[in-house]
Amino acid sequence: LPCPAGAEELRPYTVNGDAIAESLTGAPGDATRGRTLVLERTNTCILCHSGPFPEEKFQGDLAPNLAGSGGRWSAAQLRLRLVDASRLNPATIMPSYYRLDGLDRVAPNWRDKPILSAEQIEDIVAYLATLRE
Amino acid sequence: MKFAATIVLASLLIAAGIVARPLIATEIPQGERRSGYSFMAPETRAMQDDRTSNPGMLWVLDGETLWKQKQGAAGKACADCHGDASSSMKGVAARYPAYDKPLGRPVNLEQRVNLCRVRHQEAEPLPYEKHDLLALAAYVAEQSRGLPVAPDPAPELEPFVTKGRDFFMHRQGQLNLGCTNCHDDNWDKHLAGSAVTQAMANGYPMYRLEWQTLGSLQRRLRNCINGMRAQNYNFGAPELVELELYLMTRARGMPVETPAVRP
Ligand code: HEC
Ligand code: HEC
Ligand code: HEC
């Protein structure tokens, strides 16, 4: 079936425990691109997080430092944390980057699309997995 | 099914010490309330404090000129009815938004100025965020500088304050955040380089260095709503006035700082 105009279908995924084992795209992401995506302010990560980014002067401190996240979590666990962190902690302030339901009063220009695409999620997962302190 | 799985998962996470934050956000206790001023660098505070270096004073001075100008079909100036603003307007801004009986709802200071233009000067309302309206609002509000914020006690306002508070607490937008998530739960932290602060509205209109101009409280609120990627409201919308009203109850007792300076 064709999608409604402007809407982006989410790819199906399976949650096992606190993880999504399979890549959302069926292919591994690109860690170099992932680092760039994390540092882009419009993707919002560094508004809240700090990390091993010596070149970036303005980093947030609302959330844990991303350094070492690949040591603390597997790629599969990182994937669920990006897709929908609220499944793990319903009170979290971390947005669900790959979710369309359960949102209220979304501005028209952001409506019906996830914050990040499946490809972007995979690139970021690949990058975070390299952060082993 | 998903709910049950979430509970199991949540208890595992709690056992592992991962989940810490309470579900229900709480308001800041009176004794811990702080103006945005107290989060600023010493140079920015000095700029606000010194009338000769505070850029907002330019609008205040223009407001004083406009106060004395005859306007509209009635050919009257603000001063013709209200006289010397330093006595007639003292303390007024400290209790705005206030209840307007004929309209049956709260109006903010800019709207009050425009009501006087329409009702009493028989002139067109001034456009929001344009120089003249900001200048008149800044001039009127500056007459309350240093006085404690003292919200209008009209009992009719209660449902409007409640609506503003509900909006503040409600998660919304693509980022699924509520104002409270930042301004009650994380005011001691930083969003990228900016201090989050407690969303105290005791200095408006204020000069924002990022804007390079004076702006209203509603302009500031619209910025935060955009940041949440939520549907925004037009200037003057009842929802924004209700939010202003709630914010002033949060700032109760804090000195009016208009024209404040903020980064
Ligand atoms: C509005 C704030 C906010 C934003 C934006 C945000 N996060 Fe988070 N993030 C958090 C918080 C808070 C936690 C702590 C866990 C929790 O609250 O569930 C967290 C946890 C994490 C974790 C697990 C950290 C650990 O080691 O325990 C990772 C990885 C992560 N975030 C990555 C990201 C990435 C990548 C982005 C951007 C695509 C992002 N976050 C955007 C607030 C945020
Ligand atoms: C993701 C975090 C975040 C959310 C959500 C948020 N704000 Fe803000 N807010 C900020 C930051 C950061 C600043 C300070 C920006 C600066 O001055 O550079 C700010 C500034 C303000 C100020 C100015 C305070 C002063 O001292 O003048 C007010 C008022 C305010 N916010 C109200 C709100 C309201 C109302 C909402 C919800 C509709 C909201 N904010 C949502 C982060 C947030
Ligand atoms: C012809 C008389 C008249 C003129 C001219 C006039 N006002 Fe008023 N003003 C009033 C009256 C009467 C009220 C009480 C509310 C009402 O009936 O509208 C009022 C109320 C106000 C208030 C609210 C006071 C409070 O305690 O809540 C402010 C602020 C104000 N005027 C500012 C102005 C400004 C600024 C101008 C010029 C742009 C102006 N007024 C012009 C008659 C006038």
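Chain letters run A, B, ... following the sequence lines, proteins first and then strands; every chain starts at 1.
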Seminar exercise, completed: Smallest heavy-atom separation, A/Phe58 atom then B/Gly193 atom, equals CD2-CA, 3.4 Å
For this session: Find out whether B/Asn186 and A/Ile93 are in side-chain contact, i.e. whether some heavy atom of one side chain is under 4.5 Å from a heavy atom of the other.
Result: yes
Exercise. Any sub-3.5 Å donor-acceptor pair from A/Arg105's side-chain atoms to B/Ala230's backbone N or O?
Worked result: no
For this session: Measure the spacing between CG of B/Leu175 and SG of A/Cys48 and express it to the nearest 0.5 Å.
Result: 9.0 Å
Seminar exercise, completed: Looking only at heavy atoms, the pair that brings B/Leu191 and A/Leu62 closest together is CD1-CD1, 3.5 Å
Seminar exercise, completed: When every non-hydrogen atom of B/Gln174 is compared with those of A/Lys113, the smallest separation belongs to NE2-O, 3.0 Å
Exercise. Does a sphere of radius 6.0 Å around CG in A/Asn109 hold more than 12 heavy atoms from other residues, nucleotides or ligands, not counting ones at 6.0 Å or beyond?
Worked result: yes
Exercise. Is chain B contacted by the side chain of A/Thr44, its backbone, both, or neither, given a heavy-atom distance below 4.5 Å?
Worked result: side chain
Exercise. Between A/Ala91 and B/Arg171, what is the shortest heavy-atom contact and its length?
Worked result: O-NH2, 3.3 Å
Exercise. Under 6.0 Å from the CD atom of A/Glu40, do we count more than 12 heavy atoms belonging to anything else shown?
Worked result: yes
For this session: Would you indicate whether the side-chain heavy atoms of B/Gln172 and A/Val106 approach each other to under 4.5 Å?
Result: no
Exercise. Take atom CD in B/Glu158; do more than 12 heavy atoms of anything else shown fall under 6.0 Å from it?
Worked result: no
For this session: State, with a plain yes or no, whether a side-chain heavy atom of B/Arg229 is found less than 4.5 Å away from one of A/Ile115.
Result: yes
For this session: Would you mind telling me which of A/Pro95, A/Gly102, A/Pro108 has the largest number of heavy-atom pairs within less than 4.5 Å of chain B?
Result: A/Pro95
